[in-house]
Amino acid sequence: MIARSIVLAAGCAALVFGCAEPPQETQEIVGNLVKAGFPAADIMVVEGKVYVGRDAEVSLAASREMLQAGDTPEEQYRTTNLVSSSLAKICINGSTFTGAFSTALDLAIQNYDELPLTFAMGRAPSADCGFTINAVIDPNMNGGVAGFPSNGNPYGQITIGGQLSQYGVDVIEHVITHEIGHTLGFRHSDYYNRGISCGSGGNEGDAGVGAIHIPGTPTTAAVGASIMNSCFRSVETGEFTSGDITALKELYSPPRPDGYLVGDWENDGRSNLATRFGPCVFMDTNFDGVADRTQCFGNGGSEDQYLVGDWDGDGRSNLAVRRGSCVLMDTTFDGVPEATQCFGNGGGEDQYLVGDWDGDGRSNLAVRRGRCVLMDTNFDGVPEATQCYGDGASEDQYLVGDWDGDGRSNLAVRRGSCVLMDTNFDGAADITQCFGNGASEDQYLVGDWDGDGRSNLAVRRGGCVLMDTTFDGIPERTQCYVR
């Protein structure tokens, strides 16, 4: 099954009779179209009839329907077949795309890749491509063509019209994003009445592939309310609407539990949050709960344990992944390990910790065994120091931070709702901070939330992190991380 999109664009200047004062009904149609988002230059009147394309007549009823978006216009529908959740990365091969088309392709890929979905998306050639969609340009087309998923994979090709060059990067980005949406299983949002976005046209029906409403999205359509509208305008931005994002997350959000990570991703001296979904980590650098950067690392197996540290001493956080007794370190932030450190015996009871134990500005590894932590300060996998802390009970949770602001990492241990902090590195608690209710589902995080050079505590509860910046056990900031 092939899905097509056409453009709504035509200029009044090209008409002989289109610019005279229209009668009252015609004037209302034109006014409705303008209110619905169509530029006046894209609307033409010929012999008393209004068009938003050279062959798409708009009736008075249709123009009024375009304004009846209501409070919930951002509906979505999908096909029966979807892309398998086991597909970790989808690549787009646009080797023939140049200029505005190449830029638009990159932006369309970014639309998907910046969301926390079950798959990452990149432009071929790229590492770890699980499936590649071929993107081609048809110079005689003014729109796009794609198909729907099968056998757990996206449709294998999108065709983009070369005539889109007349509209600019944003419109081309819109069309490419739209056609990629079809390959992932999205139907037109107004499939039941193409006249809503096209001005004319009927019901596409089931088309043999299904038209299943996506929960969380409304069931009505409106012009400009979705990137999956049947037809598009010359004023499209190329970006998802909130309804589009809701639909994508409903179909392709990774299963919980999310893995939250803390690091200074932008090197501003303040900690940020990131969340791991499958093999990818989505990094929030401007602290608004939205992912600004994505890094996919390794195979994301259930046995992987992600660690954060400044492995190369450049002042920016990097990711590493523990597999068995070894940690694979990514120092160039490209998802490929440049260094490997094997530490200890990698027994099931081992717990790996990251800190700058020797104060050289580079992260080191340590491993907890029972009540003791063996610290590797010269990065050779051999412990140079051992710190035994508390009673090492199974319910203890060890945390690493610079509690005294001396530039060296210290250890602390969480017991129940309290964290006992060791600031002079002797295994005895010098400071105790009790935070929240210490429920079993709480996850404690350490970062410098206020940029004062000292570590603070935060606690994750569900989808939100409550941050304690004044070190009094009371959250001053809350960040809920959008999926």
For the side chain of [X] and the backbone of [Y], is there at least one donor-acceptor N/O pair under 3.5 Å apart?
| X | Y | result |
| --- | --- | --- |
| Ser197 | Cys231 | yes |
| Glu236 | His174 | no |
| Asn203 | Gly205 | yes |
| Thr183 | Ile180 | yes |
| Arg270 | Trp449 | yes |
| Asn93 | Asn134 | no |
| Lys89 | Ala127 | yes |

At their closest point, which heavy atom of [X] faces which heavy atom of [Y], and how far apart are they?
| X | Y | value |
| --- | --- | --- |
| Phe97 | Phe101 | CD2-O, 3.4 Å |
| Trp265 | Arg316 | O-NH2, 2.9 Å |
| Gly309 | Ser363 | CA-OG, 3.3 Å |
| Asp468 | Asn456 | O-CB, 2.9 Å |
| Cys326 | Thr340 | CB-CG2, 4.1 Å |
| Leu251 | Ile214 | CD1-CD1, 3.9 Å |

Side-chain donor-acceptor contact under 3.5 Å, [X] with [Y]:
| X | Y | result |
| --- | --- | --- |
| Glu173 | Asn111 | yes |
| Asp190 | Ser230 | yes |
| Ser189 | Gln76 | no |
| Ser226 | Asp244 | yes |

Could you go through Gln163 and Asn140, starting from their C-alpha distance and side-chain angles, then the distance that decides it, and tell me whether this counts as side chain to side chain donor-acceptor pair (under 3.5 Å)? CA-CA 7 Å; Gln163 295 182 21; Asn140 299 314; 5.3 Å; no
For the pair Val281 and Leu319, evaluate side chain to side chain contact (heavy atoms under 4.5 Å, CB included) and give the outcome as yes or no after the intermediate values. CA-CA 9 Å; Val281 175; Leu319 279 179; 3.6 Å; yes
So the salt bridge (Lys or Arg N to Asp or Glu O under 4.0 Å) pairs with at least one residue in residues 102-112 (sequence neighbours excluded) are Asp106-Arg123
Once you round to the nearest 0.5 Å, how far does [atom1] of [X] lie from [atom2] of [Y]?
| X | Y | atom1 | atom2 | value |
| --- | --- | --- | --- | --- |
| Leu184 | Glu179 | CG | CD | 11.5 Å |
| Cys91 | Ile133 | SG | CD1 | 9.0 Å |
| Arg477 | Leu466 | CZ | CG | 12.5 Å |
| Leu105 | Thr177 | CG | OG1 | 9.0 Å |
| Ile137 | Ile158 | CD1 | CD1 | 10.0 Å |
| Tyr112 | Ile92 | OH | CD1 | 9.0 Å |

Quick one, [X] and [Y] - any side-chain contact, counting heavy atoms below 4.5 Å?
| X | Y | value |
| --- | --- | --- |
| Thr80 | Val209 | no |
| Tyr167 | Val235 | no |
| Asn81 | Phe148 | no |
| Ile245 | Leu115 | yes |
| Val262 | Val446 | no |

Can Phe131 and Val83 be said to form a side chain to side chain contact (heavy atoms under 4.5 Å, CB included), step by step? CA-CA 11 Å; Phe131 186 88; Val83 173; over 6 Å; no
Pair Arg187 + Glu204, salt bridge at N-O below 4.0 Å: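 Yes, Arg187 and Glu204 are salt-bridged.
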How far apart are the C-alpha atoms of Asp264 and Asn272, what are their side-chain angles, what is the distance that settles it, and do they pass the side chain to side chain contact (heavy atoms under 4.5 Å, CB included) test? CA-CA 6 Å; Asp264 180 9; Asn272 306 122; 4.1 Å; yes
What class does the angle between the rings of Tyr252 and Phe119 fall in, given that below 30° is parallel, 30 to 60° is tilted and above 60° is perpendicular? perpendicular
Parallel, tilted or perpendicular: which fits the ring planes of His188 and His182, with parallel below 30° and perpendicular above 60°? perpendicular
Can we call the ring centroids of Tyr77 and Phe186 under 6.0 Å apart? no
Please evaluate residues Met141 and Val175 with respect to the criterion side chain to side chain contact (heavy atoms under 4.5 Å, CB included), reporting the C-alpha separation (whole Å), side-chain torsions for both, the decisive distance (0.1 Å), and the verdict. CA-CA 12 Å; Met141 182 184 294; Val175 174; over 6 Å; no
